[in-house]
Amino acid sequence: MSDHDKIYSTKFQDKIERNTLLMFVLTAIAVAVGGIVEIVPLFYLPNTGMNGGDGTFNGTSHKDLQGNAIPMDKIVWNPTTSAHKTLADWQPGDGVRPYTALETAGRQVYIREGCFLCHSQMIRPFRDEKDRYGHYSIAEESMYDHTYQWGSKRTGPDIARLGGKYSDEWHRKHLKYPRDVVPESVMPNFFFLDKAMVDKTKTIKTLEVMTKMPFNPVPKTIYTPDYIAGAAAELEGKTEMDAVIAYLQSLGNHVKFEEGVNYRD
Amino acid sequence: MEATQATPVKYDMDIVRWFTIAAVIYGVVGTLIGVYVAFELAFPFLNFDIPEITFGRLRPLHTNAVIFAFGGCVLMATGFYIVQRTGATKLWSNTMAWFTFWGWNLIIVLAVITLPLGLSEGKEYAELPWWVDIMIAVVWLSYGLNYIMTIGIRKTSHIYVSNWFTMGMIVMITYLHVVNSLAIPVDWATSYSIYSGVQDAMIQWWWGHNAVGFYLTGGFLGIMYYFIPKQSGRPVFSYRLSVLHFWTLTFGYVWLGAHHLQYTALPDWTGSLGAAVSLAMIIPSWGGAMNGMMTLSGAWDKLRTDYILRFLVTAMAFYAMSTFDGPVMAIKSVNALSHYTDWTVGHVHAGALGWMSMISFGALYHMVKKLWNTEMYSDKLVNIHFWVALIGATTYVVAMWVSGIMQGLMWRDYDEFGTLTYTFVESVSAMHPYYVMRAVGGAIFNLGAWIMLFNVVMTVRQASAVNSVNAVAAKA
């Protein structure tokens with residue numbers, strides 16, 4: 001027996017090192033723990049934007065100034081209790097809603113072009129971010145964002161609350177040739193979006209897929225069969241540029257934030 | 001035991017040779033694409049109004065090329081080399097190893113095609129389309145199964161420490177890839193994650209940080225624990241430290257992903273937990289770095305003449321530095337400044353260029369000499385590569401640290417009237433000199449990769465020429 005065989009730190013470690021299966025199993029357990037502890041609770045704790053699977057929201061624990069819980073439908077749009085019953089009637093401030101067909105098409109282009117690599121969609125609760133971008137983001141605001149787009153880098157500014165800040169015409173000019181509008185910008189020119197029509201089949205299938213998600217699906221009371229059937233008409237004659245602008249204009253104005261309320265628990 | 005084997009084992013080394021050559025080539029390609037995207041940020045006209053090469057589509061190709069093509073081939077070359085040599089056995093299945101080789105390279109080719117076409121799933125470091133994700137899972141499992149079975153049929157009594165780390169990587173990457181990639185396809189090109197918002201963010205960074213922790217760190221620590229002792233001719237400094245290093249890293253690293261999501265819409269406890277464990281990880285990381293460095297005690301003089309050893313030891317210095325930088329950035333008050341800035345990019349590249357690439361270059365040179373049973377074509381070029389790589393990496397990292405901290409400070413600066421001092425775009429133009437500096441640093445590093453490619457090609461040609469002369473001589 002060589003020296004190597006005699007060296008061990010504990011008898012148990014020595015046993016592990018001699019047994020492939022034992023080492024495999026122990027490693028497989030050791031690496032699983034951290035992920036389970038950090039991920040699993042996010043699927044059932046309040047204030048994580050889970051909607052319970054069928055629009056029966058599992059609630060928020062956001063409290064108003066008097067200490068009363070804010071009803072979920074003040075934050076997430078619920079067509080049954082809201083004065084505005086359909087996506088077409090929805091108004092900013094009605095609460096978080098899923099994307100319209102045109103916005104969905106725009107979001108697909110946004111992902112395709114890798115916009116998230118330079119633009120975040122997650123405002124942090126700091127004074128400068130509030131002054132620059134607006135109210136900090138809350139979990140419910142991205143609950144319908146299958147493949148979240150928070151990003152990790154601000155080579156360009158955060159766009160979580162871009163909706164309504166600039167005109168459609170500004171966006172069109174800026175997306176086509178950013179340096180025509182902002183000379184110091186390093187953003188690529190996206191003039192080609194003006195020449196491509198939206199992919200109707202893909203977009204309609206995307207709406208259907210969104211209702212089938214195992215977690216946070218879009219409720220079928222919102223993407224109704226009628227709505228999906230009418231999507232083709234909404235997309236008729238629209239370019240990818242129109243779609244991206246519609247998506248950008250939809251960002252961040254869903255929830256009416258009340259002064260003084262702590263939306264972070 | 002390897003040393004006491006009466007008849008030498010016939011190892012399956014052809015597969016290692018092919019992975020080695022592939023790694024050297026992908027090292028050039030991956031960093032070249034990186035240099036190009038870096039120049040695009042400095043001079044945006046370089047996007048040339050061609051959709052396929054705009055920054056948003058090319059940047060994922062850069063990250064995929066360096067992580068999966070270069071890093072992957074290094075891991076598989078060294079992995080198949082180490083597992084055979086430390087177990088004194090052939091591979092469990094040479095055929096399956098070739099399946100892994102061609103499968104992995106097919107995936108790389110598909111990445112080169114699909115990413116510029118804009119087939120992105122929209123998740124960092126996991127952009128590839130859903131059907132390529134399935135292929136990755138199959139090929140990865142073929143590598144993992146073969147590796148673990150080869151450990152199983154080893155002729156030695158104990159499993160060598162390098163193989164612990166690689167086994168940890170194999171298991172963890174399987175978990176991460178499968179869970180993070182779960183998506184519902186819309187068509188062949190597009191799919192959407194089954195998770196959304198908060199849950200998707202946490203799963204993404206559980207993946208994102210542990211791809212770094214287990215693939216780019218664990219796997220490469222396996223390389224360190226084999227090649228530093230081999231190249232220096234000294235045993236690992238402390239066996240007990242390596243036991244501690246392995247189990248703490250394996251259990252602890254997994255928790256770190258949440259530090260990417262501090263102050264976001266996640267519950268606060270998640271980010272704080274990630275930050276606390278991140279700080280604790282300094283202990284095993286520095287323990288490991290010391291273990292690698294101190295392996296040289298009694299052989300420090302070799303650094304003067306052994307250029308390959310220089311790569312390996314410099315890698316340990318960068319490893320120690322990155323594993324200090326990272327926990328500091330995980331502290332919440334530091335993260336408030338550093339998050340979303342170039343500091344993150346600098347941190348990643350201190351790891352990628354300084355630690356991961358340096359240890360890879362050292363291991364690849366070591367293996368080339370052994371695999372082709374020859375000396376390097378030019379030791380001088382190895383030395384030049386070392387200095388070029390070191391200067392390039394340092395230039396890159398310094399540029400990004402400075403620009404990152406500057407960005408963070410500019411964004412939060414208030415003037416005496418209580419209004420923001422700078423518009424966002426002023427911070428963009430202030431970054432220009434650093435973006436140029438970063439691109440130049442990257443280009444210098446890329447030059448080193450070309451030097452290595454040239455040197456390795458010449459070495460292999462020289463070795464084959466010698467071998468064929470010997471063969472002719474043997475016949476005659």
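Not measured: the values here are computed from a predicted model. Below, chain A is the first sequence line, B the second, and so on; all start at residue 1.
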Measure the [atom1]-[atom2] distance between [X] and [Y] for me, rounded to the nearest 0.5 Å.
X      : Y      : atom1 : atom2 : answer
A/Q13  : B/W247 : CD    : CH2   : 6.5 Å
B/T264 : A/Q121 : OG1   : CD    : 13.5 Å
B/T190 : A/Q108 : OG1   : CD    : 4.0 Å
A/N47  : B/D268 : CG    : CG    : 11.0 Å
A/Q149 : B/K123 : CD    : NZ    : 10.5 Å
B/S157 : A/E17  : OG    : CD    : 9.0 Å

(request) Would you check if there is a donor-acceptor pair between the side chains of A/N216 and B/S196 at a distance under 3.5 Å? (result)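 Distance-only check passes for B/S196 and A/N216.
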Minimum side-chain heavy-atom gap [X]-[Y] below 4.5 Å:
X      : Y      : value
A/D128 : B/L420 : yes
A/E38  : B/L273 : yes
A/V186 : B/H432 : no
A/T155 : B/L41  : yes
B/W269 : A/P41  : yes
A/W150 : B/L261 : yes
A/P125 : B/Y263 : yes

(message) Apply side-chain hydrogen bond (donor to acceptor under 3.5 Å, both in side chains) to residues A/R132 and B/T423 and explain how you reach the verdict.
(response) CA-CA 8 Å; A/R132 205 182 286 283; B/T423 61; over 6 Å; no
Can you say whether [X] sits under 4.5 Å from chain A via the side chain, the backbone, both, or neither, judging by heavy atoms?
X      : result
B/T344 : neither
B/D200 : both
B/P185 : backbone
B/E121 : backbone
B/H339 : both
B/A336 : both
B/I184 : both
B/Q262 : backbone
B/R59  : side chain
B/V277 : neither
B/F246 : side chain
B/S427 : neither
B/W164 : both

Do [X] side-chain atoms and [Y] backbone N/O form a donor-acceptor pair below 3.5 Å?
X      : Y      : value
A/H146 : B/Y192 : no
B/Q199 : A/T48  : yes
B/T250 : A/A30  : no

Would you say [atom1] of [X] has more than 12 non-hydrogen atoms from neighbouring residues, nucleotides or ligands within 6.0 angstrom?
X      : atom1 : answer
B/Y435 : OH    : yes
A/Y166 : OH    : no
B/W188 : CH2   : no
A/K200 : NZ    : yes

Sort out for me which of [options] touches chain A most, counting heavy-atom pairs under 4.5 Å.
options                       : result
B/F251, B/W205, B/F55         : B/F251
B/V428, B/T54, B/D187, B/N163 : B/D187
B/R57, B/M202, B/R412         : B/R57
B/Y175, B/F214, B/F48         : B/Y175

(message) Less than 6.0 angstrom from the centroid, inside 45 degrees of the normal: does A/R179 satisfy that with respect to the ring of B/F45?
(response)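 The answer is no, since A/R179 fails at least one limit relative to B/F45.
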(request) May I ask you to decide if the ring planes of A/F215 and B/Y195 are parallel, tilted or perpendicular, using 30° and 60° as cut-offs? (result)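 Judged by the thresholds at 30° and 60°, the geometry between A/F215 and B/Y195 is parallel.
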(request) Given side-chain hydrogen bond (donor to acceptor under 3.5 Å, both in side chains), test B/Y414 with A/D131 step by step and report yes or no. (result) CA-CA 10 Å; B/Y414 279 90; A/D131 287 352; 2.7 Å; yes
(message) Quick one, A/E129 with B/W411, criterion side-chain hydrogen bond (donor to acceptor under 3.5 Å, both in side chains). Give me CA distance, side-chain angles, the key distance, then yes/no.
(response) CA-CA 8 Å; A/E129 300 216 356; B/W411 292 343; over 6 Å; no
(request) For B/Y147, check ring pair (Phe, Tyr, Trp, His ring centres under 6.0 Å) against everything at least two apart and list the hits. (result)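 B/Y143.
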(message) Going by the rule ring pair (Phe, Tyr, Trp, His ring centres under 6.0 Å), which residues pair with A/Y247 if we only count those two or more places apart in sequence or in a different chain?
(response)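 Expected list: A/Y99, A/Y110.
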